[in-house]
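Each chain gets a letter, A, B and so on, in the order its sequence line appears, and its residues count up from 1. Because the structure is a prediction, the values reported are computed rather than measured.
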Amino acid sequence: MKSSSRDQLVRLFEKCNSSKILAQLQCLTLKLGLTHDSFFATKLSALHSKYTSLVQAHKVFDETPTKTVHLWNALLRSYCKENQWKQTLYLFHDMVSYGITKGKPDNYTIPIVLKACAGLQALEFGKMVHGFVEKMEKTDVDMFVGASLIELYSKCGKMDEAFQVFLGFSQPDVVMWTSMITGYEQNGNPEKAVDFFSQMVMIEHLNPDPVTLVSLASACTQLSDSKLGSSIHGFMIRRNLDYDLSLANSLLNLYGKTGSVNAAAKLFEGMPTKDVISWSSLIACYSQNGLTAEALNLFNEMIDRKIKFNSVTAVGVLQACAVACNLEEGKRIHELVTRKGLELDISVSTALIDMYMKCFSPEEALYVFEKMPKKDVVSCAALLSGYSTNGMSFKSMGTFNTMRLNNIKPDAVAMVKILVSCSDLGILQQALCLHDYVIKTGFTNNIFVGASLIELYSKCGNIVNAMKVFEELKVKDIVTWSAIIAGYGIQGQGREALKLFNKMIETSEVMPNEVTFLSLLSACSHAGLIEEGINIFNMMLHKYRIKPMMEHYSIIVDLLGRTGELDRALNFVEKMPIPAGPHVWGALLGAACIHHKSELGEIAAKNLFKLDPNNAGYHILLSKIYAVEKNWDNVGKLRDMVKEKRLKKMFGESVIEAGNEVHSFVANDRLHSECDQIYRLLRNLNVNMRDESYSSNSKSCLQGTVEIV
DNA sequence: GTAAGTGTTC
């Protein structure tokens with residue numbers, strides 16, 4: 001009788017799927033006097049953690065006198081599932097010290113405990129558990145334990161140790177292989193991850209499952225290998241795995257990151273089920289590939305279809321607003337996000353700051369920043385770099401100081417942003433301090449930081465230090481090479497820049513890219529090296545097969561133009577394979593202005609007024625050409641046009657360091673306390689320059705402007 | 001009972 005009611009109860013427990021049924025089952029167990037039966041206690045504890053609470057689960061555990069391994073395991077698993085890793089470890093400690101009634105920690109216990117260790121990155125505790133495993137009979141250790149050990153070591157960044165565990169098994173299963181692949185992928189070694197995958201499939205003839213393919217797809221994302229990615233997609237379809245949501249989502253991400261927008265959209269269309277991750281991934285894919293309208297449309301579709309979005313979705317769509325410079329939509333999403341209470345999420349706030357900064361609304365960005373309950377490196381970096389894009393780099397330095405006061409340590413990206421902001425200011429004193437800081441914080445060998453430091457010193461006029469930084473870099477990549485080449489260019493030392501370029505070609509295996517050529521061409525332009533510049537341009541085209549961008553064309557026009565080769569410049573523009581953009585015509589207009597060629601100026605201006613009608617600078621340049629010719633009628637017409645269109649010219653601001661002070665000036669500035677003396681000195685300089693027959697053109701004074709247009 | 005998927009500053 002008793003045994004049959006016990007069997008019935010077992011069956012009822014199997015069917016339990018709600019807290020209500022659980023409560024009834026608990027009553028029934030009590031009535032039948034089976035609460036102390038460790039089997040039911042274990043079941044009750046597990047069900048409580050699933051349907052009610054951990055507290056209830058723990059209560060059942062406490063009230064059970066016979067604590068079997070199963071009961072312990074159930075409670076450990078409950079804590080671990082709730083990510084209460086510390087509690088899990090305390091509990092395990094109790095279990096081995098004094099708590100256990102029957103048996104000892106087993107193959108079920110170890111993976112739970114190891115998971116908690118991995119979550120806490122508690123390597124020492126994990127090693128102790130490993131020691132525990134090593135004392136077990138080898139035949140008793142199963143592959144669940146093996147996979148968990150691999151996960152522990154891989155989460156602690158110890159792939160060598162993970163590999164040793166892996167080698168300890170003669171026939172590792174798919175999960176163990178996958179754990180290794182995931183480990184390498186997550187520790188920044190995607191090549192090795194792909195290697196292990198090939199071995200597993202080609203040599204061991206094991207069948208990858210969806211999880212294996214997810215990890216492989218992540219590795220492909222890191223490698224930007226969309227080819228291998230598509231073959232995963234093919235494999236997935238052949239094996240009918242396309243129902244696997246995680247796998248489809250990770251492919252969606254892969255396509256997005258490798259710029260295969262159409263493939264991503266097609267995959268998304270065909271997915272039988274989609275979750276918030278699928279939607280967010282495609283929105284981010286659109287944003288990151290510049291299809292901002294598509295990103296916004298998809299987000300709006302989500303709202304229309306009442307699909308709930310989360311903070312990740314918000315970040316993706318805010319990026320679209322930032323890229324599109326769409327302040328209106330940005331504000332609307334800010335409101336939506338606030339209504340959902342997501343605006344305090346640190347990454348949403350950061351995306352908002354970035355969006356407002358890129359939409360030229362630094363006040364709004366600061367408002368979001370100040371409301372953040374907790375600031376981190378990334379949000380500070382977003383604010384700091386936003387100030388520099390809004391021409392307020394002096395505020396960036398203030399933000400950097402706030403960071404230091406709040407003990408927020410910059411990472412490599414933040415460091416780059418700080419250095420770039422300082423470059424805008426061109427303050428050598430500050431540059432030296434920052435360099436010192438870079439050394440102290442150990443960023444000296446980061447190539448991105450190195451390149452920014454080189455640029456900083458160049459812009460502060462200290463090429464010696466720029467070169468020192470360059471020479472001390474252990475690894476020199478194309479970015480650092482281009483930075484030092486550009487540095488010499490800024491100094492007007494075009495020949496040195498060319499020498500460095502040749503040295504790079506001869507002594508290293510680094511291949512020049514479009515940025516390198518931009519730096520080189522601009523160096524030639526600043527130094528007036530016409531033929532060298534043309535040669536470099538041809539070399540880029542024919543030897544390196546790099547397709548010139550608009551910037552390359554405009555530099556060549558600038559180079560020809562400022563050296564007086566105006567016919568060649570116009571001829572060059574007319575032969576361009578793509579229609580010339582505003583910068584190209586602008587360079588031509590600038591050249592026409594320096595050399596007083598009103599006819600050429602008119603050609604350029606005609607195109608510019610079409611391409612960039614609201615730019616006051618071009619109107620002013622043309623009017624200056626007319627002024628030199630004393631063609632006051634046309635000057636007047638242009639001035640009227642500017643007034644009529646209400647165009648405003650942006651002020652160019654100069655900053656100079658004298659002693660320990662930084663002074664800033666704009667054109668015709670009379671605000672400085674020593675203004676009279678400054679203008680007196682300028683006049684003297686002008687006289688001296690004329691005496692030295694320097695070909696300054698005080699009538700147009702446009703040399704600086706040509707670079708800006 | 002073990003392995004996996006989207007996001008913030010370059």
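Expressed to the nearest 0.5 Å, how far CG of Leu419(A) lies from CG of Asp424(A) amounts to 11.5 Å.
The distance from atom CG of Leu384(A) to atom P of dT9(B) is 14 Å, rounded to the nearest whole Å. Between Leu254(A) atom CG and dA4(B) atom C1' there is a gap of 14 Å when expressed in whole angstrom units. Atom NZ of Lys115(A) is separated from atom C1' of dA4(B) by 10 Å (rounded to the nearest Å). Rounded to an integer number of Å, the gap from CG of Asp106(A) to P of dG1(B) is 13 Å. Rounded to whole angstrom, the span from the CD atom of Gln288(A) across to the P atom of dT9(B) amounts to 9 Å. Put simply, CD on Glu151(A) is 13 Å from C1' on dG1(B), counting in whole angstrom units. Following rounding to the nearest Å, Ile150(A) (CD1) and dA4(B) (P) show an atom-to-atom distance of 12 Å. Rounded to an integer number of Å, the gap from Tyr286(A) OH to dT6(B) P is 19 Å.
Listed nucleotides: dA4(B), dA3(B), dT8(B). Nearest to the side chain of Thr350(A): dT8(B). Between dT2(B), dA4(B), dT6(B), one nucleotide has an atom nearer to the side chain of Ser148(A) than all others, and that is dT2(B). Listed nucleotides: dG7(B), dA4(B), dC10(B). Nearest to the side chain of Lys358(A): dC10(B). Among the nucleotides dA3(B), dT6(B), dG1(B), the one closest to any side-chain atom of Asn310(A) is dT6(B). Minimum atom distance to the side chain of Val211(A) is reached by dA3(B), of the listed dT6(B), dT8(B), dA3(B). When the nucleotides dG1(B), dT2(B), dT9(B) are ranked by their closest atom to the side chain of Ala381(A), dT9(B) comes out on top. The side chain of Asn107(A) approaches dG1(B) more closely than any other nucleotide in the set dA3(B), dG1(B), dT8(B). Distance from the side chain of Gln186(A) is smallest for dA4(B) among the nucleotides dG7(B), dA3(B), dA4(B). Taking every side-chain heavy atom of Ala382(A) into account, dT9(B) is the closest of dT9(B), dT2(B), dT6(B). Of the candidate nucleotides dA4(B), dG7(B), dC10(B), dA4(B) has the atom lying nearest to any side-chain atom of Thr182(A).
Looking at Asp142(A), its side chain comes within 3.5 Å of the base of dG1(B) through a donor and an acceptor atom. In this model, a side-chain donor or acceptor of Asp345(A) finds a partner on the base of dG7(B) within 3.5 Å. Residue Ser280(A) places a side-chain atom within donor-acceptor reach of the base of dT6(B), judged by atom type and a 3.5 Å distance cut-off alone.
Residue Lys375(A) is out of contact with every strand shown, counting any heavy-atom pair closer than 4.0 Å. Among the heavy atoms of the strands lying under 4.0 Å from Asp209(A) is at least one base atom, whether or not backbone atoms are also near. When heavy atoms are screened at a 4.0 angstrom cut-off, Met176(A) is found touching no nucleic acid atom at all. Using a 4.0 Å heavy-atom cutoff across all strands shown, Phe448(A) reaches no nucleic acid atom at all. Using a 4.0 Å heavy-atom cutoff across all strands shown, Asp275(A) reaches at least one base atom of the nucleic acid. Residue Leu245(A) is classed as a base contact, given a heavy-atom separation below 4.0 Å to a base. Among the atoms of the strands shown, only primed sugar atoms or phosphate atoms (P, OP1, OP2) are found under 4.0 Å from some heavy atom of Lys155(A). At the heavy-atom level, Ser246(A) lies under 4.0 Å from base atoms of the strands shown. Here Ser311(A) lies in heavy-atom contact (under 4.0 Å) with a base. The residue Ala351(A) sits apart from the nucleic acid: no heavy atom pair falls under 4.0 Å.
Classified by interplanar angle (parallel below 30°, tilted 30° to 60°, perpendicular above 60°), the ring pair Tyr255(A)/His233(A) is tilted. The aromatic rings of Phe132(A) and Phe92(A) sit perpendicular, their planes meeting at an angle over 60°, well past the 30° parallel limit.
Side-chain atoms of Asp106(A) and Thr109(A) include a donor-acceptor pair closer than 3.5 Å. Between the side chains of Thr212(A) and Thr178(A), a donor-acceptor pair is found at a separation under 3.5 Å.
At the phosphate of dG7(B), neither OP1 nor OP2 sits under 4.0 Å from any side-chain N or O atom of Gln319(A). For Lys417(A), a side-chain nitrogen or oxygen approaches OP1 or OP2 of dC10(B) to under 4.0 Å.
Within a 6.0 Å radius of CZ in Phe125(A), more than 12 heavy atoms belonging to other residues, nucleotides or ligands are found.
Residues Ile110(A) and Val113(A) are not in side-chain contact: their nearest non-hydrogen atoms beyond the backbone lie 4.5 Å or more apart.
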